[in-house]
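Read the numbers this way: they start at 1 and go in the same order the structure lists the ligands and their atoms. Residue indices begin at 1 and follow the sequence shown.
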Amino acid sequence: MIRLAIPKGRLGDAVADLLRRSGHDCAGLRNGSRRLAFTMGDIEAILVKPSDIAVYVEHGAADIGVAGKDVLMEDEPDVFELMDLGFGVCRMVAAAPAGFADDPSRVLRVASKYPRVAGEHFARKNRAAEVITLHGSIELAPLVGLSDVIVDIVETGTTLRENGLEVLEEIAPLSARLIANRSRYHFIRTEIERLTDSWRTRP
Ligand code: PRP
């Protein structure tokens, strides 16, 4: 048995498509169910908040999991990153209100769900920055004077556009990654590879 941590939400729907491709019955993943752990053939699936996936995998509570590259960049968990799954494609960017002009004599205030990524980005540019950590609705921060700029993920660009913000710089391309617990990987490598081989084969 492989224990697989599946993120709830958008990425989880894409994982269900992959699992169907490898012949797994995903009835337990149907919308509306509140059940968090179930078995599908040779996989024991657990449903986890996306930002917690790597915690389960790093501690060995799950053998493998599907995590966004954004979370891996921010948390730097001690796991193997096995495969780019090719979905959940988006970008980590710095953005600001249209027409923003940076004043280098002032400390830049940056709102983000990704304080490490944001801090390292401006440190690399030698730009003094104060990072303000938020947990959602990041685009609101510059509109109400909480920050000058934001560091966040952009997928379609709709949230930026509808709030009058523009991309200043792209920081990194992002997508969903398959991660594995370092020690468990050595024991169940063959089983993991059988699974990922069936995902690589297009139906
Ligand atoms: C994410 C992200 C942006 C939005 C980008 O937020 O933080 O706000 O999606 O998507 P778009 O470019 O397609 O508009 P999420 O939906 O996770 O909600 P949140 O505000 O609660 O973080």
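- Looking at R91 against ligand 1, nothing comes within 4.0 Å, counting heavy atoms.
- A cation-pi contact links R182 to F80, judged by a cut-off of 6.0 Å to the six-membered ring centre and 45° from its axis.
- Grouping the Ile, Leu, Val, Met, Phe, Trp and Tyr side chains by contacts below 4.5 angstrom, directly or via other members, places I153 apart from L11.
- Annotation: the span from T196 atom OG1 to R189 atom CZ amounts to 10.0 Å, rounded to 0.5 Å.
- Counting heavy atoms closer than 4.0 Å to ligand 1, residue I153 contributes atoms from both its backbone and its side chain.
- Looking at atom 3 (C) of ligand 1, its nearest protein heavy atom turns out to be E139 OE2, 3.1 Å.
- For atom 13 (O) of ligand 1, the closest non-hydrogen atom on the protein side is T156 OG1, 2.5 Å.
- Taking every non-hydrogen atom of T158 and a distance limit under 4.0 Å, the qualifying atoms of ligand 1 come out as 12 (O), 14 (O).
- Under a 3.5 Å cut-off, the side chain of D63 and the backbone N or O of R184 do not form any donor-acceptor pair.
- Annotation: atom 4 (C) of ligand 1 to nearest protein heavy atom, T159 OG1, 3.7 Å.
- In this model, a donor atom of one side chain and an acceptor atom of the other lie less than 3.5 Å apart for Y114 and D70.
- For atom 17 (O) of ligand 1, the closest heavy atom belonging to the protein is K113 NZ, 3.8 Å.
- One option in R161, E155, E162 has a heavy atom closer to atom 10 (O) of ligand 1 than any other, and that option is E155.
- In terms of polar-atom proximity, G157 is counted as a contact of ligand 1, with an N or O under 3.5 Å from an N or O of the ligand.
- Scanning the protein heavy atoms around atom 7 (O) of ligand 1, the nearest turns out to be D152 OD2, 2.7 Å.
- Interface atoms of ligand 1 facing V154, defined by a heavy-atom separation under 4.0 Å, are 12 (O).
- In the model, D42 has a side-chain atom that pairs as donor or acceptor with a side-chain atom of H24 under 3.5 Å.
- The neighbour count for F187 CZ, taken as heavy atoms of other residues, nucleotides or ligands under 6.0 Å away, does not exceed 12.
- The single protein non-hydrogen atom nearest to atom 21 (O) of ligand 1 is G136 CA, 3.8 Å, given as residue, atom name and distance.
- Note: S112 OG to L134 CG = 8.0 Å, rounded to the nearest 0.5 Å.
- Ranking protein heavy atoms by distance to atom 20 (O) of ligand 1, first place goes to S137 N, 2.8 Å.
- Under the 3.5 Å distance criterion, with hydrogens and angles disregarded, no donor-acceptor pair is assigned to the side chains of R161 and T159.
- Among protein heavy atoms, the minimum distance from atom 9 (O) of ligand 1 is reached at R10 NH2, 4.1 Å.
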